[in-house]
Amino acid sequence: MLLDLRGRSAHGDRAFRWIAIGAGALVLLILGMVALVMVDRARPVLGEMGLSFFSSKRWSSADGMYGALPFLWGTLFTAAIAVAIAVPVSLGVALFVTQVAPRWLKKPMVYVIDLLAVVPSVVFGLWGVLVLSQHFGLGRSFLTAGIILGIMITPIITSLSREVIETTPPSEKEAALALGATRWEMIRASVLPHSKGGLVGAVMLGLGRAMGETIAAALVIGSALGQVTVNPFASGNSMPAVIANEWGEADDMHKSALIALAVTLFVITIAVNLIATAIVQRSMRHSRGKST
Amino acid sequence: MIVGPLLDLRGKPSWRGARNIAMQVIMGLAVIAILIPLVAVVWSVVSRGAGVVLHAFPEFFTAEIPVVSRRAGPGMGPAILGTLLVTGGATLIAVPLGILGAVYLHEYGGTSAFAKLVRFLATVMTGVPSIVMGLFVYLTWTMRFGYSAFGGALALACLMLPVVIGSTEQMLRLVPANLREAAYALGASKSRTILTIVLPAALPGIVSGSLLAIARAAGETAPLLFALGAATAYNPNLFAGANTALSLQIFGNATSSFVAAQDRAWGAALTLMLLAFLITLTARLLFTRRS
């Protein structure tokens, strides 16, 4: 019924093939254009500031000084706090869901955790600015931003970790249990060593996500200039937050500086993602090869 | 077996048992730790948003946004329309292209060098921060053609494209090869096989994956910041004029010191969250029913 052979035509077949190839090539085109357009627009500021764009602490459009160090620091610092919060929780949840929870509980738990991933980032930001920072005395600070980002990346790290952990061959787990190991000893001896690479990759993907997150950070980080400090209660700023907050009032040079920030962010997040993807894929291949 | 040095069974049984239980309790605590923020956020949004929405029902969903933000009163209608326009536009662009891209990767490209490059770049593209895509679309589109919902749709489409490609390719991989072979054996061309046999077989999965991408896109804020401009009135024109969206209204009103503006932010947050949950739920139901 579905198979109608009357419309057979070599032309149509070839045309469809080229359309499909074109759609695939679109990915290449978009990424290439993003890189080209952004670097081109960032050149004026990078030409003028040189490397001091990355090392200077002074960011002032009135003086034409654009030093992005505080924002670079803010991005890395908040992302580090987020990862420090998210990793133990994600790992615990992933192990609980895969190794401890009874079978009937597994699916509902995965659904509920995935719901957390559906909450829009701006809603987390709203909650962060009107509830978390006001009622818990945290104010708008690196720590508040780190907590919100940590909550946001937890479901991603959890679901990736779950996938990695589930590739552990049953034979290895059963071997440990047969030797008389308790469940925790089995996890420590079989599951964790087996999944180590993939878990590192999952955490790095979460890190990349945390660094690129704009809106939640823009709302709760406090938008303070020149802050390069390890004090988590200080207000600061991060690269994406600066772009979101300052674009509206920016003149040409200022816009170029903001685009240079975007390029920096682009390069860092892509590097982190590439390394993470490579680690995950290698460990997946590795484990699949071993289990057969 | 690699179990060797990591498995130390010499400890006293009682001590090992206690440690086993303690570690499992810690894992259980992690589950509670992940539920706390979810419950807290949903509770805040529902408790503060429901009052706002129900107090002026159904005007909250239909009335225009007050021009003076400190003025109390309902109105997220234009933002709801804007979100639907932008997300719908992005869907119309990204889903067909994404499916075609995945068809190329799985049905034509396979393991060829170009297909590997495209697959690799699609993975890279999922990691591009949304604000970078927003800036890119501003520089290439909005600067030339002005504010419009379509610019926002373009930015969201760029974010959705690699996600749709990834999820669709996974679904195509699940279609058994003998279905394709049966079609070829009957003399069907490759394009006809793909369009009438392979894609229909994978359809529930493709729809479900696309819906998840749409749900995420509907909540995005950063890519819309530069493309939409600002508006408080209805603008049903996809291609011209400034527009607004629920996420932008939440972002703008969140830092306002006026309670009326904050109230509208909570109401908009409730609306947006319900929308995203609804789309996700549809996706889940679609997928579990068929598989």
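Atom set for the values below is all heavy atoms of this structure, side chains included, hydrogens, waters and symmetry mates excluded.
- Contact of A:Ile147 with chain B is not made at all, since no heavy-atom distance falls under 4.5 Å.
- With sequence neighbours left out, the salt bridge (Lys or Arg N to Asp or Glu O under 4.0 Å) criterion links A:Arg183 to no other residue.
- Taking 4.5 Å as the limit, every side-chain heavy atom of B:Met133 sits out of range of all side-chain heavy atoms of A:Phe266.
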Using the rule given for side-chain contact (heavy atoms from CB on, under 4.5 Å), can you reason through A:Val118 versus B:Arg216, listing the C-alpha separation, both sets of side-chain angles and the distance that settles it, and then say yes or no? CA-CA 6 Å; A:Val118 178; B:Arg216 281 216 66 88; over 6 Å; no
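- Rounding to the nearest 0.5 Å places CG of A:Leu28 at 11.0 Å from CZ of B:Phe120.
- Contacts with chain A were tallied for B:Leu195, B:Leu105, B:Leu246; B:Leu195 has the most, counting heavy-atom pairs under 4.5 Å.
- Using a 4.5 Å cut-off between heavy atoms, B:Ala40 touches chain A through backbone and side chain atoms alike.
- When heavy atoms are compared at a cutoff of 4.5 Å, A:Ala86 does not approach chain B at all.
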For the pair B:Trp43 and A:Trp127, evaluate side-chain contact (heavy atoms from CB on, under 4.5 Å) and give the outcome as yes or no after the intermediate values. CA-CA 10 Å; B:Trp43 169 251; A:Trp127 183 75; over 6 Å; no
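- Using a 4.5 Å cut-off between heavy atoms, A:Leu192 does not touch chain B at all.
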Take B:Leu248 and A:Val122 through the side-chain contact (heavy atoms from CB on, under 4.5 Å) test and state the conclusion after the steps. CA-CA 8 Å; B:Leu248 285 181; A:Val122 68; over 6 Å; no
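- A:Ile270 touches chain B through its side chain: at least one heavy atom from C-beta onward sits under 4.5 Å away, while N, CA, C and O do not.
- Judged by distance alone, the side chain of A:Asp13 and the main-chain N or O of B:Ser191 form a donor-acceptor pair under 3.5 Å.
- Here the shortest heavy-atom pairing between B:Met27 and A:Gly92 reads CB-O, 3.7 Å.
- Heavy atoms of A:Thr158 lying under 4.5 Å from chain B belong exclusively to its side chain.
- Among all heavy-atom pairs drawn from B:Tyr104 and A:Gly24, the shortest one is CD2-CA, 4.3 Å.
- Among the candidates A:Pro88, A:Ala117, A:Ala25, the residue making the largest number of heavy-atom pairs closer than 4.5 Å to chain B is A:Ala117.
- By number of non-hydrogen pairs under 4.5 angstrom with chain A, the leading residue of B:Cys158, B:Gly17, B:Ala218, B:Pro37 is B:Pro37.
- At a 4.5 Å heavy-atom cutoff, the contact between A:Ile151 and chain B is made by side-chain atoms alone.
- By number of non-hydrogen pairs under 4.5 angstrom with chain A, the leading residue of B:Gln24, B:Lys190, B:Met273 is B:Gln24.
- In plain terms, the two heavy atoms of B:Gly127 and A:Asn273 that are nearest each other are CA-ND2, 3.4 Å.
- When heavy atoms are compared at a cutoff of 4.5 Å, B:Ser247 approaches chain A by way of both its backbone and its side chain.
- Contacts between B:Ile165 and chain A at a heavy-atom distance below 4.5 Å involve the side chain alone, from C-beta outward.
- Using a 4.5 Å cut-off between heavy atoms, A:Val131 contacts chain B through its side chain alone, with no backbone atom that close.
- Contact tally against chain A (heavy-atom pairs below 4.5 Å) for B:Val118, B:Thr221, B:Leu97: the top residue is B:Thr221.
- With a 4.5 angstrom heavy-atom cutoff, B:Arg48 touches chain A only via side-chain atoms.
- In this structure, B:Phe226 and A:Trp247 have tilted ring planes: the angle between them lies in the 30° to 60° band.
- Counting heavy-atom pairs closer than 4.5 Å to chain B, the top residue among A:Val119, A:Leu91, A:Thr154 is A:Val119.
- Contacts of B:Leu270 with chain A are absent, with no heavy-atom separation under 4.5 Å from either backbone or side chain.
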Using side-chain contact (heavy atoms from CB on, under 4.5 Å), reason through B:Val124 and A:Thr277 one step at a time and then give a plain yes or no. CA-CA 9 Å; B:Val124 170; A:Thr277 314; over 6 Å; no
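- Using a 4.5 Å cut-off on side-chain heavy atoms (C-beta onward), A:Ile259 and B:Leu139 make contact.
- Shown here for A:Gly180 and B:Arg16, the closest heavy-atom pair between the two residues is O-NH2, 2.9 Å.
- Judged by distance alone, with hydrogens and angles left aside, the side-chain atoms of B:Asn20 form no donor-acceptor pair with the main-chain N or O of A:Thr182 at under 3.5 Å.
- Residue contact with chain B, scored on non-hydrogen atoms closer than 4.5 Å, involves the backbone and the side chain of A:Val27 alike.
- With a 4.5 angstrom heavy-atom cutoff, A:Asp40 does not touch chain B via any of its atoms.
- Distance check, rounded to the nearest 0.5 Å: CG of A:Leu130 to OG of B:Ser44 gives 9.5 Å.
- Interface residue B:Leu117: only side-chain heavy atoms are found under 4.5 Å from chain A.
- If you measure heavy-atom distances from A:Met33 to chain B, the contacts under 4.5 Å come from both the backbone and the side chain.
- For B:Leu35, the part lying under 4.5 angstrom from a heavy atom of chain A is the side chain only.
- Across A:Val129, A:Val34, A:Ile243, the residue that shares the most heavy-atom pairs under 4.5 angstrom with chain B is A:Val34.
- Put simply, CG on A:Asn245 and CZ on B:Phe251 are 5.0 Å apart, with the number rounded to the nearest 0.5 Å.
- Both the backbone and the side chain of B:Val31 have a heavy atom closer than 4.5 Å to some heavy atom of chain A.
- Counting all heavy atoms, side chain and backbone alike, B:Ala254 lies closest to A:Leu219 at CB-CD2, 3.9 Å.
- Proximity to chain B (any heavy atom under 4.5 Å) is restricted, for A:Leu274, to the side chain, taken from C-beta onward.
- B:Arg284 and A:Asp114 are joined by a salt bridge, as a carboxylate oxygen and a charged side-chain nitrogen come within less than 4.0 angstrom of each other.
- Note: B:Pro129 leads B:Pro129, B:Gly219, B:Gly134, B:Ala268 in heavy-atom pairs under 4.5 Å with chain A.
- By the salt bridge (Lys or Arg N to Asp or Glu O under 4.0 Å) test, A:Arg140 is found to be paired with no residue, residues two or more places apart in sequence or in another chain being considered.
- Note: A:Leu126 leads A:Leu26, A:Leu126, A:Thr214, A:Ile113 in heavy-atom pairs under 4.5 Å with chain B.
- Between A:Val123 and B:Ala269, the shortest heavy-atom distance links the atoms CG2-CB, 4.1 Å.
- To the nearest 0.5 angstrom, B:Ile32 atom CD1 is 8.5 Å from A:Phe96 atom CZ.
- Taking OG of B:Ser189 as the start and CZ of A:Arg14 as the end, the distance is 11.5 Å to the nearest 0.5 Å.
- With a threshold of 4.5 angstrom between heavy atoms, B:Leu212 does not approach chain A through any atom at all.
- In terms of non-hydrogen atom pairs under 4.5 Å with chain A, the most contact-rich of B:Val41, B:Leu281, B:Leu225 is B:Val41.
- Once rounded to the nearest 0.5 Å, the distance linking OH of B:Tyr108 with CH2 of A:Trp18 reads 11.5 Å.
- Of the two parts of B:Phe277, the backbone and the side chain both hold a non-hydrogen atom closer than 4.5 Å to a non-hydrogen atom of chain A.
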